[in-house]
2 protein chains.
Amino acid sequence: MDKKYTIKDIAKMAGVSKGTVDRVLHNRGKVSPTALDKINEVLNVIDYEPNLIARNLKNTKVYRICVLLPDPEIDPYWLPCVNGIQEAITEFKAYGVIIETHYFNPESTKSFLHTNETIIKKSPDAVLIAPLFHKETLGIVKQYDELNIMVNTFNNQIEGESIKSFVGQDLNKSGRVAASLMNLIITEGQIAIIHIDESLKNAVHMQEKEKGFRNYFDEKKIPGFPITTLKLKHPNVESKFSTFLEENPNLKGIFITTSKAYQIASILAPLKNKKIAIIGYDLVEKNVNFLNQGLVHFLIHQNQKRQAYLGVSTLVEHFLFRKDIPETILLPIDIINVENASFYVS
Amino acid sequence: MDKKYTIKDIAKMAGVSKGTVDRVLHNRGKVSPTALDKINEVLNVIDYEPNLIARNLKNTKVYRICVLLPDPEIDPYWLPCVNGIQEAITEFKAYGVIIETHYFNPESTKSFLHTNETIIKKSPDAVLIAPLFHKETLGIVKQYDELNIMVNTFNNQIEGESIKSFVGQDLNKSGRVAASLMNLIITEGQIAIIHIDESLKNAVHMQEKEKGFRNYFDEKKIPGFPITTLKLKHPNVESKFSTFLEENPNLKGIFITTSKAYQIASILAPLKNKKIAIIGYDLVEKNVNFLNQGLVHFLIHQNQKRQAYLGVSTLVEHFLFRKDIPETILLPIDIINVENASFYVS
DNA sequence: ACAAAAAATGTGCTCGAACACACTTAAACA
DNA sequence: TGTTTAAGTGTGTTCGAGCACATTTTTTGT
C-alpha cells in the first residue's frame, strides 16, 4: 500500500513496456486505445508519483539565475537580501543551480539599465529584479520576455501585465498597521510622517505607506491627531528635523517610512523632556538598539531576507520541480517591539 | 568555473579511477599515499559538491516518519498542525517519505502510551512527538532510543538529556510580549491572567506564560497593575468568570494563556459599558472574529502549523540530505492585531 | 496479395553516486 | 625465486525517468 510505484511497475501490471507507459504519462501519442485503456486502468488503481530524484538526475542542465538589486554598500537596506540569496545559493548548489548577484546604483537609472545589459549577456534562465525604476523596468522585462528569460520581481510592486510575479509586502496595509499601533501608544497630539531617504527613488514605496497610515485615521474618524508629512534628505536631516521639532511642540508621534528611524531617534535621545512615540521599519542594528533603549516603540519587519530568498527559490523550484510560480507572495507584516525582536534578527 | 564536477571528472584529473576517488571521499581506506595526494590536490583546487540527486536515487529506502499529537477533534488547538504535516507529506511524497499521523487523547496518559505502542509496531525511522506528559515522554523516548528511532519534539519543551531536539516557542518570552502589549493598551487597573483549558494537561505551558507576563511587570516595577490569576474549566467558565467580573469592578485587562480567548470575549461582548483589554493566543476563527470586532486587542500567534511542518521537515532533510537536526528551533512570537491578522491566517 | 507506409511497441542507453566484485600490483615469507 | 597474502585499483551494475532508436505490428494502396 505504501509502495512507491515506478514506471516499470506500471508497465508490468499493464502488460506493456515502460516506453508505452512513458508515452501515456506524457501524452506523447502513438499509443493504441487498447494499451491506453490497460495503462489507465492501472493508473486509476495505484497512485503513481514520478520520482523527482530520478527525473532531475537525467537533467544535467545547469540553471543560471541572476539577481538584480541595489548595491548594499550604497543603501544598506538591501543587505539582508544578500543573506537570503546566499541561503538559496547554498541550498540549491547541489542541484546544479547557479545564482549570481548583480548590483546597481539605486540613484541611477543608467546603472540599472547597464547592469541589466550585463545580465543579458550572461543569458540566464531567469532573473529576480528589485524594480526600483518603473518605466525602465517595463522596458527591460519586455526584453527578457523576448529572450524567453523568466522574470520575478521583489520588494517593489510594479504594475504592468508583463510582470508575472512578485514577492513583497502590502505597503498600504503596513502603513495601516503602523497607524493602529500609533493609535495605541498615544491618545492625542500631533503625528509626523517622515520620509528619510537618500535616493528618493523609493517615492512610491513611501507614499503607499503614508496613504495607509493616513487612511487608518481617516476611516476610523479618530479626532485629535493632526498629521504632518515631512521629507528629509541627507545631509539636512538633523537641522530640518530640529526646526520642525521647535515649531511643533505638541508632536507626540513619529512614523518613519524608511529604515532610517535611528536617525530621528538619535536626535530625540538627548531631549529627555520630550515624550515622542516612534514607529519605524526594519530590524537594522541601529534601529534595534533604539528599540532596546525604549526610544523606538515599534518596528515593522519587512523581511527583505525572506523576500529575496523566496524570490529565487520559487524560480529554482519552478525549474527543478516544475512548481508554479505564485503571482504574488505577500509576506506578513511582522510587528516588532523590544520583547520579541530577538526572534526576528537573523 | 561554474562547472559542476563529478566523481568521474575528479578521477580523470587525478589520473585514477572513480572507484579510488570514491574511497578517498568516503575514507574507505585502501588507497595508496600517492593516489591520495593526487586526488587531494585536485579536491583542493576544485570545489566538489556531490550531486544530491544522484546520491538519493541510489537510496531506494522508504523512510517512515510517525507524528504523534493530540486528537484535534478533542482539542482543536492541534488542527493547524494537521495542515503543516499535510504540507510536509505533499512536499516529500516524491522522495519516498511516508509520514503518518497518530492521535491520542490529551486527557489520558494511557492513550498516549498506547498510541506510542502502535507507532513502535510500525517501526518508523523517526517520530515527531507532542510530549504532553513529562514522565511518560521520557520513558517512551528511552524506548525509541533503544530501537534506534530518531525522536523530535514540538510544542511542549521537555527537559531531559534524552530529548535531542525541539521545535516551538519560548513561552516565557511570549508571556512577556503579552505583558508589554497590555502595558501599552491600559494605563492602570487590575489585570487578570486566565487559564482556560479542558484538559489541564497544558499546566506547564500556561504557567510559563504567566511567569513571563508577571515578570515583565515585576522587573519594570510598573505600579498600578494588581494581577490576579484565574483558572477556569468547562463547564463553569461563564458562571465563574461572571462572578469574578462582579467582584472586581476595576478589571481593565485580561490575558488568556490558551486559545480560548473567544470564550471570555463572548461573555464581555454584551457588556457595552465595560472597557476591558483582551490579549490571547492563536488565530482560531472565533478569536479572529472578536479581533475584527475590536473586542480582542492582540493575539499571539503560536504558529502550530509551522511548528509541525518544521518538526517533520528537519527529520526528512536529515535522512535525505544528511542535514543536522537543530537542537532547538524557537519560532518568532508574532504579534497580531486586527490590521495584520489576514496575513497570518492560512 | 504483397509491398510500402504508418502506427505501435519495445529496447537500451544516459545521468552521478555508491558499492560489490574482479583484477592487478606490491609486500611478506619460506 | 616462487608462492601466499595483503594492499591497492579499476570495472561494472544499480537506482527511475526520459528519450532516441530499433523492431514489430497494423494499415493502406495498388
Side-chain angles (χ1 to χ4, degrees), chain A residues 2-43 46-63 92-97 319-322, chain B residues 2-43 46-63 92-97 319-322:
Chain A
D2 290 334
K3 200 177 170 332
K4 280 275 316 170
Y5 292 97
T6 70
I7 286 191
K8 228 162 101 186
D9 293 327
I10 299 171
K12 205 184 293 174
M13 284 188 270
V16 295
S17 76
K18 68 194 180 90
T20 308
V21 176
D22 180 72
R23 274 182 285 268
V24 171
L25 288 172
H26 296 86
N27 307 313
R28 272 196 250 281
K30 310 237 176 188
V31 174
S32 70
T34 332
L36 186 75
D37 284 350
K38 282 193 289 184
I39 293 169
N40 273 332
E41 213 167 294
V42 175
L43 287 177
I46 66 151
D47 177 28
Y48 173 69
E49 283 280 338
N51 185 326
L52 290 185
I53 298 170
R55 169 182 286 173
N56 280 320
L57 177 61
K58 188 64 207 297
N59 186 13
T60 53
K61 175 162 173 44
V62 173
Y63 292 99
F92 298 115
K93 187 167 54 178
Y95 293 90
V97 176
F319 289 128
L320 291 183
F321 310 123
R322 310 188 181 186
Chain B
D2 291 336
K3 198 180 170 332
K4 280 278 308 171
Y5 291 97
T6 70
I7 286 192
K8 227 162 102 187
D9 293 327
I10 299 172
K12 205 185 291 174
M13 284 188 269
V16 295
S17 76
K18 66 195 178 90
T20 308
V21 176
D22 180 72
R23 274 182 285 269
V24 171
L25 288 172
H26 295 85
N27 310 314
R28 270 196 251 280
K30 311 236 177 187
V31 175
S32 70
T34 333
L36 186 75
D37 285 349
K38 283 193 290 184
I39 293 168
N40 273 331
E41 214 167 292
V42 175
L43 287 177
I46 65 151
D47 177 30
Y48 174 70
E49 284 279 339
N51 185 325
L52 291 184
I53 298 169
R55 170 181 285 172
N56 280 320
L57 177 60
K58 190 67 209 300
N59 185 12
T60 53
K61 175 163 173 44
V62 172
Y63 292 100
F92 298 116
K93 187 166 52 174
Y95 293 91
V97 177
F319 289 128
L320 291 184
F321 310 122
R322 310 189 180 185

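Within every chain, numbering begins at 1; the chains are lettered A, B, ... in the order of the sequence lines, protein sequences first and strands thereafter. Only a predicted model underlies this, so the values are computations on that prediction, with no experimental measurement involved.
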Using a heavy-atom distance cut-off of less than 4.0 Å, which residues of residues 6-18 of chain B contact DNA chain D? B:V16, B:S17, B:K18
Between A:D22 and A:I7 (side chain of the first, backbone of the second, donor and acceptor by atom type, cut-off under 3.5 Å), is there such a pair? no
Checking B:T34, B:V24, B:L25 against B:I39 for side-chain contact (heavy atoms from CB on, under 4.5 Å), the one that qualifies is B:V24
Specify the closest pair of heavy atoms between A:L57 and B:I53, including all atoms of both residues, with the distance to one decimal. N-CG2, 3.5 Å
Would you say that A:I10 contacts A:I46 through its side chain, given a criterion of any heavy-atom pair below 4.5 Å between the two side chains? yes
Using a cut-off of less than 4.0 Å, is there contact between a side-chain N or O of A:Y48 and OP1 or OP2 of D:dA17? yes
Counting only heavy atoms not in B:E41 (residues, nucleotides, ligands), do more than 12 fall under 6.0 Å from its CD? no
Please determine whether the number of non-hydrogen atoms from other residues, nucleotides or ligands lying under 6.0 Å from atom NZ of B:K61 exceeds 12. yes
Whole-Å distance between D:dC19 C1' and A:N27 CG? 16 Å
note: B:Y95, atom OH; D:dA17, atom P; distance rounded to Å ~ 14 Å
Position toward the 5' end of DNA chain D (nearest nucleotide), B:K58 or A:D22: B:K58
What is the distance, rounded to the nearest whole Å, between atom CG of B:N59 and atom C1' of D:dG16? 13 Å
Using the six-membered ring wherever Trp is involved, compare the ring planes of B:F321 and A:Y95 and label them parallel, tilted or perpendicular (cut-offs 30° and 60°). perpendicular
Could you state the CD1-C1' distance from A:I53 to D:dG18, rounded to the nearest angstrom? 16 Å
5′-ward residue of the pair B:T20/A:R28 relative to DNA chain D: B:T20
Start and end of the DNA chain C segment that chain A contacts, any atom under 4.0 Å from a heavy atom: C:dA8 to C:dG16
Heavy-atom closest pair (B:S17 atom, B:A11 atom, distance to 0.1 Å) is C-CB, 3.7 Å
